[in-house]
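Proteins get letters first, then strands, A, B, ... in listed order; numbering begins at 1 in each. FYI, side chains are in, hydrogens and waters are out, and symmetry mates aren't considered; it's all heavy atoms of this structure.
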Protein chains: 2
Amino acid sequence: MAKIVVALGGNALGSTPQEQKDAVAFTAESIVSLVEEGHEIILGHGNGPQVGMINLAFESSASNGEGTPEMPFPECGAMSQGYIGYHLQNAIQKKLAARGIEKSAATVITQVLVSEEDEAFQKPTKPVGSFYSKKEADKLEQEKGYNMIEDAGRGYRRVVPSPIPLDIVEKKLIKKLVDDGDIVIACGGGGIPVIRKNGGFEGVPAVIDKDFACETLAELVEADVFLILTAVDKVAINFGTDEEEWLSELDLETAKKYCQEGHFAAGSMLPKVRAAMNFVEETGGRALITSLEKAAQALAGKDGTVIKK
Amino acid sequence: MAKIVVALGGNALGSTPQEQKDAVAFTAESIVSLVEEGHEIILGHGNGPQVGMINLAFESSASNGEGTPEMPFPECGAMSQGYIGYHLQNAIQKKLAARGIEKSAATVITQVLVSEEDEAFQKPTKPVGSFYSKKEADKLEQEKGYNMIEDAGRGYRRVVPSPIPLDIVEKKLIKKLVDDGDIVIACGGGGIPVIRKNGGFEGVPAVIDKDFACETLAELVEADVFLILTAVDKVAINFGTDEEEWLSELDLETAKKYCQEGHFAAGSMLPKVRAAMNFVEETGGRALITSLEKAAQALAGKDGTVIKK
């Protein structure tokens with residue numbers, strides 16, 4: 001039996017409410033299998049497509065003159081936590097009932113602390129929201145102070161910083177619930193990014209990488225295992241080439257070398273490997289990268305990639 | 001020291017993110033004063049203006065051809081719980097820190113069970129979302145099966161049922177947190193309405209009155225006090241007439257009589273009085289109706305309207 005923080009990708013959740021319902025049914029099946037084996041689960045998840053959709057709906061509606069207000073990015077993130085969390089807890093509750101497991105599952109709205117001094121704020125890199133023409137982009141830069149970049153020939157987009165998570169504001173409450181046997185959904189979309197201000201926390205337009213946020217959570221709740229779920233069963237080097245090699249194990253030193261050699265794509269496998277490395281380095285615990293389908297086998301040491309000292 | 005479920009109106013939360021931030025700062029001050037006096041607090045809240053705004057943004061964006069999906073009403077409600085809950089917990093955390101109180105505060109996404117057999121489903125009455133022309137309304141009735149009504153000369157609107165809450169899906173987890181001293185925000189907007197289906201719960205387009213939902217929660221968590229906050233300090237009879245009388249006490253029998261005599265406005269004071277009556281009848285506990293400003297004094301028996309046997 002282990003306490004496990006699971007990080008689930010936002011791309012796996014589909015791009016409509018119905019797609020998301022179908023996706024979470026599948027996710028819930030695997031998660032509840034882990035619960036049935038006696039594990040304690042905290043489930044974190046991405047929100048890239050979902051928060052983009054919410055942001056776009058509000059931008060479109062406001063420009064449409066509907067009288068809806070502009071919705072700041074942290075608030076869009078909070079909405080995405082409610083939206084995704086509702087579907088996840090609903091699906092997990094159903095699978096728990098089907099297997100006769102009397103446990104609660106619920107979503108805790110989560111804020112994640114970042115530093116105003118984080119250098120990411122000097123260099124925003126994470127594209128969010130709609131595509132604009134050059135002219136519109138210039139106007140947004142002037143009027144709202146947005147940072148706009150040309151995104152892969154598809155138009156101009158706003159970019160926000162992607163700072164490093166330092167703390168989870170709701171960590172005590174989350175830890176208490178999971179230690180008591182409840183299944184907690186937390187840190188959705190990497191959490192609502194907040195900085196310390198005026199004796200409290202204030203939301204900032206930024207996106208925290210969900211793998212790093214979940215890793216921070218895994219440390220703070222003293223998880224035994226940090227399980228990162230992705231589209232592939234294992235981590236590969238020389239991915240997509242003739243020398244492609246799928247890895248069952250990866251020690252910290254070798255992982256560092258592979259990162260430096262550029263084996264892992266930025267914004268995709270690289271943050272997962274780095275987050276896994278952080279967890280192992282900081283806690284001595286076990287970090288696994290695998291697919292949802294292979295999660296149970298990876299925990300049993302029979303599949304996936306384990307990152308270790 | 002008492003365990004208190006507080007029901008806060010959605011109209012008190014403003015209609016933009018900034019208005020809401022200002023409003024919750026004020027709310028948090030009163031709530032944390034109650035905490036400082038040793039009370040355990042569960043905070044429920046309305047979401048009328050907020051879920052309307054979210055619904056409208058998605059309707060507008062979809063009709064604008066932005067590629068965003070249609071967002072069902074339960075999912076809009078889940079988003080509103082994240083949006084409002086984030087602001088509330090953030091503001092409460094700040095006030096707790098300012099007073100040196102080491103307690104956690106967080107929002108739990110909450111589903112509320114209703115019955116498919118509830119007669120409200122035969123007679124939808126609660127207007128939600130945008131205003132439409134007669135022609136658009138007819139089209140929506142045909143294409144989507146919506147129920148549309150003419151709303152006070154302002155155009156046609158969709159109406160959804162307002163069924164009676166039967167159970168709170170996440171009650172155990174919520175009760176555990178509050179019994180452990182945490183401040184819990186739950187049942188936002190009356191909860192996400194769900195019916196039992198296929199061995200689980202399924203969201204339905206409906207709006208549960210937040211006063212009734214909070215009353216159900218108050219029963220289930222075994223609250224001592226059910227505190228309904230509204231725009232006035234006390235309940236009045238003959239409101240707005242020369243015979244206007246503000247009530248300090250109201251026993252069940254008299255309350256019933258006043259309800260029948262039509263002293264209380266439907267959709268406004270009537271559900272509050274009825275929810276308070278339910279709580280007193282079912283639990284023998286104390287129900288109070290007052291303003292945010294007078295909450296502490298009402299608890300001390302010095303202001304507000306107390307509903308009792």
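In terms of heavy-atom proximity, Ile109(B) sits nearest to Gly82(A) at CD1-CA, 3.7 Å.
Proximity to chain B at a heavy-atom threshold of 4.5 Å picks out Gln93(A), Lys94(A), Ala97(A), Glu102(A), Ser104(A), Ala105(A), Ala106(A) from residues 92-106 of chain A, in numerical order.
Residue with the most contacts toward chain A among Glu202(B), Gln89(B), Gln18(B): Gln89(B) (heavy-atom pairs, distance under 4.5 Å). Residue with the most contacts toward chain B among Val108(A), Leu177(A), Val184(A): Leu177(A) (heavy-atom pairs, distance under 4.5 Å). Contact count against chain B (heavy-atom pairs under 4.5 Å) is highest for Gln111(A) among Glu170(A), Gln111(A), Glu70(A). Comparing Thr107(B), Asn198(B), Thr68(B) by heavy-atom pairs within less than 4.5 Å of chain A, the highest count is held by Thr107(B). Of the listed residues Leu173(B), Thr110(B), Ile174(B), Ile84(B), the one with more heavy-atom pairs under 4.5 angstrom with chain A than any other is Leu173(B). When each of Lys176(B), Lys172(B), Gln81(B) is scored by its heavy-atom pairs under 4.5 Å with chain A, the top score falls to Lys176(B). Each of Gly200(B), Gly188(B), Ala78(B) has some count of heavy-atom pairs under 4.5 Å with chain A, and the biggest count is that of Ala78(B). Note on Ile192(A), Ile185(A), Val169(A): by heavy-atom pairs under 4.5 Å with chain B, the leading option is Ile192(A).
One finds the CZ atom of Phe58(B) at 4.5 Å from the CE atom of Met53(A) (value rounded to the nearest 0.5 Å). Here the CD-CG distance, from Glu59(A) to Asn64(B), works out to 12.0 Å after rounding to the nearest 0.5 Å. Atom NZ of residue Lys21(A) and atom CD of residue Glu75(B) lie 5.0 Å apart, to the nearest 0.5 angstrom. Between Ile54(B) atom CD1 and Ser61(A) atom OG the span is 11.5 Å, to the nearest 0.5 Å.
Both the backbone and the side chain of Asn90(A) have a heavy atom closer than 4.5 Å to some heavy atom of chain B. Using a 4.5 Å cut-off between heavy atoms, Glu19(A) does not touch chain B at all. The contact between Ser15(B) and chain A is made entirely by backbone atoms, counting heavy-atom distances below 4.5 Å.
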